[in-house]
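Report on one structure; see the data block that follows.
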Amino acid sequence: MKAKLNIMNLIKIMAEREITQKKLSDLSGVSRQTICLSFARKSCALVTAGKLAEGLGVDVSEVIMEED
């Protein structure tokens, strides 16, 4: 299942915590390549979104957009 990423919020959270995509990769266990691709596509697998949120220490609802 795909999740639409809230890129603006992701970038904001990363900036506040001074986390680079490389550091997010280390924290989340998601490859840097997958993170770059997810940011470019503005979507990823729901599991990946969960791992990114966990790596940032936030709820998954903060990194995905709500469905209409």
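On a predicted model such as this, the values are computed, not experimentally measured, just so you know.
The NZ atom of Lys4 lies 12.0 Å from the CD1 atom of Ile64; values are rounded to the nearest 0.5 Å. Put simply, CD1 on Ile35 and CG on Leu24 are 4.0 Å apart, with the number rounded to the nearest 0.5 Å.
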side-chain contact (heavy atoms from CB on, under 4.5 Å) between Leu27 and Arg17, intermediate numbers included: CA-CA 12 Å; Leu27 293 170; Arg17 298 172 187 196; over 6 Å; no
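Considering every non-hydrogen atom in both Leu5 and Cys44, the closest pair reads CD2-SG, 3.7 Å. Summarising the geometry of Ser38 relative to Ile7, their closest heavy-atom pair is O-CD1, 4.4 Å, with the distance given to 0.1 Å. Summarising the geometry of Leu52 relative to Ser28, their closest heavy-atom pair is CD2-OG, 4.0 Å, with the distance given to 0.1 Å.
Annotation: salt bridge (Lys or Arg N to Asp or Glu O under 4.0 Å) contacts involving residues 18-46, sequence neighbours excluded, comprise Lys22-Asp26.
Residues satisfying the side-chain hydrogen bond (donor to acceptor under 3.5 Å, both in side chains) criterion with Thr34, sequence neighbours excluded, are Ser31.
Val47 and Val60 fall into different hydrophobic clusters, where Ile, Leu, Val, Met, Phe, Trp and Tyr residues are linked whenever their side-chain heavy atoms come under 4.5 Å apart, directly or through other members. In this structure, Leu37 is not a member of the same hydrophobic cluster as Phe39, with clusters built from ILVMFWY side-chain heavy atoms closer than 4.5 Å.
Within 6.0 Å of the CD atom in Glu62, the count of heavy atoms belonging to other residues, nucleotides or ligands exceeds 12.
Looking at Leu56 and Met14, their side chains come closer than 4.5 Å, going by heavy atoms from C-beta outward.
Judged by distance alone, the side chain of Ser25 and the main-chain N or O of Val30 form a donor-acceptor pair under 3.5 Å.
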